[in-house]
Amino acid sequence: MKILIVEPGHKPRPAEIDGTVEAMREIVGGKIQAMYLSEDIALVFNNDPDMPLPPQNRGVRNDIIRGVFFLCGAPEDGNYFVSLTDEQLRHYMEAFALPEVFLDLGGRTIILPCRKEGSFDRES
């Protein structure tokens with residue numbers, strides 16, 4: 001299954017996995033949960049409340065996704081995941097191209113793109 005892995009502080013990278021739940025858990029580091037970016041794209045992340053809080057990664061809609069996540073296809077007709085198409089892969093590589101830094105200003109979070117890969121891979 002062709003996916004796009006997005007790690008905190010880094011540019012996204014395409015990868016191939018076998019599509020098992022175990023492979024997905026290994027990427028995100030625990031239990032998996034999906035957020036749907038569109039009717040055919042899933043963002044899969046770790047939502048295990050028993051794990052330490054991972055670093056902030058990217059702002060998506062009104063949420064801050066923490067830790068490593070990946071994108072994959074999600075057909076309307078099923079409860080399973082599939083490969084991204086080449087077009088979807090290109091689109092989301094561009095959409096998530098720049099790592100982001102998160103600033104807390106009096107209880108309000110400001111998200112800024114980071115130009116240098118890896119320079120904000122830890123929270124301060």
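The nearest pair of heavy atoms linking Met51 to Asn46 is CG-ND2, 4.3 Å. The shortest heavy-atom contact between Met24 and Gly19 is CE-O, 3.3 Å. Annotation for Ile3 and Cys72: closest pair CG2-CB, 3.9 Å, computed over non-hydrogen atoms. Across all non-hydrogen atoms, the minimal contact from Gly59 to Glu100 is N-OE1, 2.7 Å.
In this structure, the separation between CZ on Arg66 and CD1 on Ile64 is 7.0 Å, given to the nearest 0.5 Å. Going from atom CD of Gln88 over to atom OG of Ser38 covers 7.0 Å, rounded to the nearest 0.5 Å.
The side chain to side chain donor-acceptor pair (under 3.5 Å) search around Asn47 returns Gln33, not counting sequence neighbours.
Chaining together hydrophobic side chains whose heavy atoms lie under 4.5 Å apart places Val60 alongside Leu4, Val6, Met35, Leu37, Ile41, Leu43, Phe45, Ile65, Phe69, Leu71, Leu84, Leu89, Tyr92, Met93, Phe96.
Within the structure, salt bridge (Lys or Arg N to Asp or Glu O under 4.0 Å) contacts touching residues 41-61 (residues at least two apart or in different chains) do not occur. Applying the salt bridge (Lys or Arg N to Asp or Glu O under 4.0 Å) test to residues at least two apart or on different chains, none of the pairs has a partner in residues 18-45. Residue pairs satisfying the salt bridge (Lys or Arg N to Asp or Glu O under 4.0 Å) criterion with at least one member in residues 78-99, sequence neighbours excluded, are listed as follows: Lys2-Asp86.
Leu53 and Ile111 fall into different hydrophobic clusters, defined by Ile, Leu, Val, Met, Phe, Trp and Tyr side-chain heavy atoms under 4.5 Å apart, directly or through other members.
Judged by distance alone, with hydrogens and angles left aside, the side-chain atoms of Arg13 form no donor-acceptor pair with the main-chain N or O of Ile5 at under 3.5 Å.
Side chains of Ile27 and Val68 form a contact here, defined as non-hydrogen atoms less than 4.5 Å apart.
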Distance-only criterion, 3.5 Å: show the donor-acceptor pairs between side-chain atoms of residues 73-81 and protein atoms not counting sequence neighbours.
residue: Asp77; atom: OD1; partner: Tyr80; partner atom: OH; Å: 3.1

